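The model shown is predicted, which means the values in this text are computed figures rather than measured ones. Each chain gets a letter, A, B and so on, in the order the sequences are listed, and its residues count up from 1.
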Number of protein chains: 2
Amino acid sequence: MPTIRDVARTLNLSITTVSRALDGYGDVSKETRQRVIETAQAMGYVPNRAARQLRRQRTDTIGYIVPAEKPQFADPFFAEFVAGLGDEAASTNYDLLVSTAPPDSPEEQDLYRRWIQGGKVDGVIINRTRLSDWRVNFLRESKLPFTCLERSLDQGEEFLGVETDIKDGYQELLGHLTAQGHSRIAFIGADASLKVQYDRLRAFQQALTSLDIQPQANLIVEGDLTPEGGYQAMLRLLALDQPPTAVVCVNDLTAIGVIHAAHDNHCVIGRDLAIAGFDGVADSAHTQPPLTTLDQPVYAIARTLARLLLQAIAREKIVQRVITIKPTLLIRASSGGKR
Amino acid sequence: MPTIRDVARTLNLSITTVSRALDGYGDVSKETRQRVIETAQAMGYVPNRAARQLRRQRTDTIGYIVPAEKPQFADPFFAEFVAGLGDEAASTNYDLLVSTAPPDSPEEQDLYRRWIQGGKVDGVIINRTRLSDWRVNFLRESKLPFTCLERSLDQGEEFLGVETDIKDGYQELLGHLTAQGHSRIAFIGADASLKVQYDRLRAFQQALTSLDIQPQANLIVEGDLTPEGGYQAMLRLLALDQPPTAVVCVNDLTAIGVIHAAHDNHCVIGRDLAIAGFDGVADSAHTQPPLTTLDQPVYAIARTLARLLLQAIAREKIVQRVITIKPTLLIRASSGGKR
DNA sequence: TGAGTTTTCCAAAACGTTTTGGTAAAATCA
DNA sequence: TGATTTTACCAAAACGTTTTGGAAAACTCA
């Protein structure tokens, strides 16, 4: 593995000149630069990352820790999210470090500590933000750039990231459902400490009341963002005296479990029961029947988060600190909309 | 951010002693070690990774480049795979670097070059191995430890990784299908340069002939491992004079597309048409009807690959260089098996 | 011509660790 | 007691870059 020293030696130049030639500084002549670039290429010289990092005091790496309850559980949301982060990072020659840790666990704290205090990453992206989130406080204290999807309640002006404005989306979705004649509409949510749960449940309830439907407490149940959670929650709803005729789920994965439960209980989805999700992950188009959902461009959101982060790291002027995205309603067969 | 120098200064000790105390060397007294550990902890000292890497000449990081044709495409297989790698890495305090690049593209070459020559990773994992794969040659030349899922044809004895033995699996699957009365059985595969396609198609054909069914060329079509590819391939099969009554797919995602196409063409899956997949990704349990598939434990395989790699990096003696896994047949409703 | 300016290069310091090759002091032994 | 071993520590080198602060050579201009 040739070092910059080897390149310098073969060219009879100083290390400095080689370094500056490769970095495109103005104080090296056209010809030498050319020679340097060629020989470096020919010798297969690639700068050692650790040395560069140590000197430059940055790592050209951003980090993301998947907040997965159970590690082996593969959420398509995360897959798209990670792909977006990775691609945006790669487009600027940055790398993406990935790990998983259960939310609010000691492992999570440990990982963040190691990465951040040890200078392993220049910045991080967080999602599944909690209403009150130690991560944002920790990151703020350590003065490390970070962006997040969904603002925690601790964050005021300094928030940098993406927020989804779901009011109109839920309004539209519930309009659609009531137009189909539904009025007993349930909501399957997630852990109450999550910002998405907070936002989406509230938007759901507001939309409901604006349509003159009284929200009913027993139609609001808790899942855990997985198909299994959705399945179990649906069973609980079906056991009610008056089960709902429509179910709105906090995410698509939950809805997939609900579809499954409905099938197992011989409901005809789209006729007996309307089901809607949230996210618009690729899978949702391939459920049977295809899932009505509030589609948000996860991949694009991830790229945006990464781009914002990279700008923050580079101390670029950021025109728009918080980017708001509105999900779009995709009406598919699961809500009896189209066939 | 305190450095080791700061810790040494506050303790009136040398840098050396602090370093050795923290690393657990024997030549530092019990009491000093205790003092060092405590103050380091109290000061929030975390060793700088870049410096450590530079000195130790290793990065405590392994890499994986997702071989994704289109970046925004989120394959649940990859999600599980990455989760497995990440968890195994984390269990040894290693980190996982992730990126995506289209197979056999210049970006792919660039990434591997940067990571490996630049010493950004201590080893890599590769999958979606091609029959002849420049990556294995490149890695072999650069003498970097690596493990792979599926052995390319270039690899002889030195192969280190996981292979799936699918003969029995296909035998069993096709036995199941013929027992249901099927004899016109199609295969939807992938790019011919992929090792999995090579293996699985061959196993499929062998199983077929062993059951006294003549493989028919027009029942073997090519997909691209995505639902869309599966959908299109299925349309082509349905357009035949004599469409197949059963379809075996090279992976679950393809099968999901096939299910979709069958639905759109009003075939009743499980009755008119049997469908089977391969992989056993979480999604496959939630299709409608649930998908019959050859289940391989993707998460566990990924962990195994990572563990092997870490052992290779640590130059441990590796007892078993190639670990063979047999998929198990999961019979579900999509093949008319159970209800 | 000689003073200033520009061009092109370079030596040395720094980044924060780990490791090598010690050395005093204390403990052990004859 | 003096020689030897063990214990507990440390100074300095090294890892491979980037950057600082020049400095010689070439050019410009009066």
With heavy atoms under 4.0 Å as the rule, sort A/Arg49 into base, sugar-phosphate or nothing. nothing

C/dT17 base to B/Arg55 side chain: any donor-acceptor pair below 3.5 Å? no

Any Lys/Arg nitrogen of B/Arg56 or B/Asp23 sitting under 4.0 Å from an Asp/Glu carboxylate oxygen of the other? yes

Length of the CE-P vector between B/Met1 and C/dC15, whole Å: 16 Å

Return the value, rounded to whole Å, for the distance between atom CG of A/Leu11 and atom P of C/dC9. 11 Å

Rounded to the nearest angstrom, tell me the gap between atom CZ in A/Arg20 and atom C1' in D/dT20. 9 Å

Below 4.0 angstrom from OP1 or OP2 of C/dC9, is there any side-chain N or O of A/Tyr25? no

Counting the atoms with a prime plus P, OP1 and OP2 as sugar-phosphate, which does A/Leu13 contact under 4.0 Å by heavy atoms, base, sugar-phosphate, or nothing? sugar-phosphate

Using whole Å, what does the distance between atom C1' of nucleotide C/dA12 and atom CZ of A/Arg5 come to? 12 Å

Per B/Ile15 side chain, nearest of listed nucleotides D/dT17, D/dC9, C/dT18: C/dT18

Can you tell which of C/dA11, C/dT19, C/dT18 lies closest to the side chain of B/Arg52? C/dT18

Identify whether any heavy atom of B/Asp27 sits under 4.0 Å from a base atom; if not, whether one sits that close to sugar-phosphate; answer base, sugar-phosphate or nothing. base

Locate the shortest heavy-atom distance separating A/Val121 from A/Leu144; write the atom from each residue and the value. O-CD1, 3.9 Å

Give a yes or no on whether a donor-acceptor pair under 3.5 Å exists between the nucleobase atoms of C/dA11, that is its base, and the side chain of A/Thr16. yes

C/dT17 phosphate, OP1 or OP2: any side-chain N/O from B/Ser19 under 4.0 angstrom? no

With the threshold set at 4.0 Å, does a side-chain nitrogen-carboxylate oxygen contact exist between B/Asp133 and B/Lys195? no

B/Gln57 vs D/dA14: side-chain N/O to OP1/OP2 distance below 4.0 Å: no

Give the rounded distance in Å between these two atoms: CZ of A/Arg33 and C1' of C/dT7. 13 Å

Below 4.0 angstrom from OP1 or OP2 of C/dG16, is there any side-chain N or O of B/Gln53? no

Given A/Asn48, A/Thr59, A/Thr61, A/Val46, the one that forms side chain to side chain contact (heavy atoms under 4.5 Å, CB included) with B/Lys120: A/Thr61

Among the candidates D/dC9, C/dA11, C/dT18, find the nucleotide nearest to the side-chain atoms of B/Thr17. D/dC9

Give a yes or no on whether the ring-centroid distance for A/Tyr112 and A/Trp134 is below 6.0 angstrom. yes

Quick check: B/Phe81 with B/Tyr299 (ring centres under 6.0 Å apart)? no

Between D/dC15 (P) and B/Asn48 (CG): distance, integer Å: 18 Å

B/Arg56 atom CZ is separated from C/dG16 atom C1', nearest whole Å, by 13 Å

Distance test, side-chain N/O of B/Thr3 to OP1/OP2 of C/dC15, below 4.0 Å: no

Let me know the distance between CD1 of A/Ile4 and P of D/dT19, rounded to the nearest Å. 11 Å

Looking at B/Ser29, I'd like to know whether one of its side-chain N or O atoms comes within less than 4.0 Å of OP1 or OP2 on D/dC9. yes

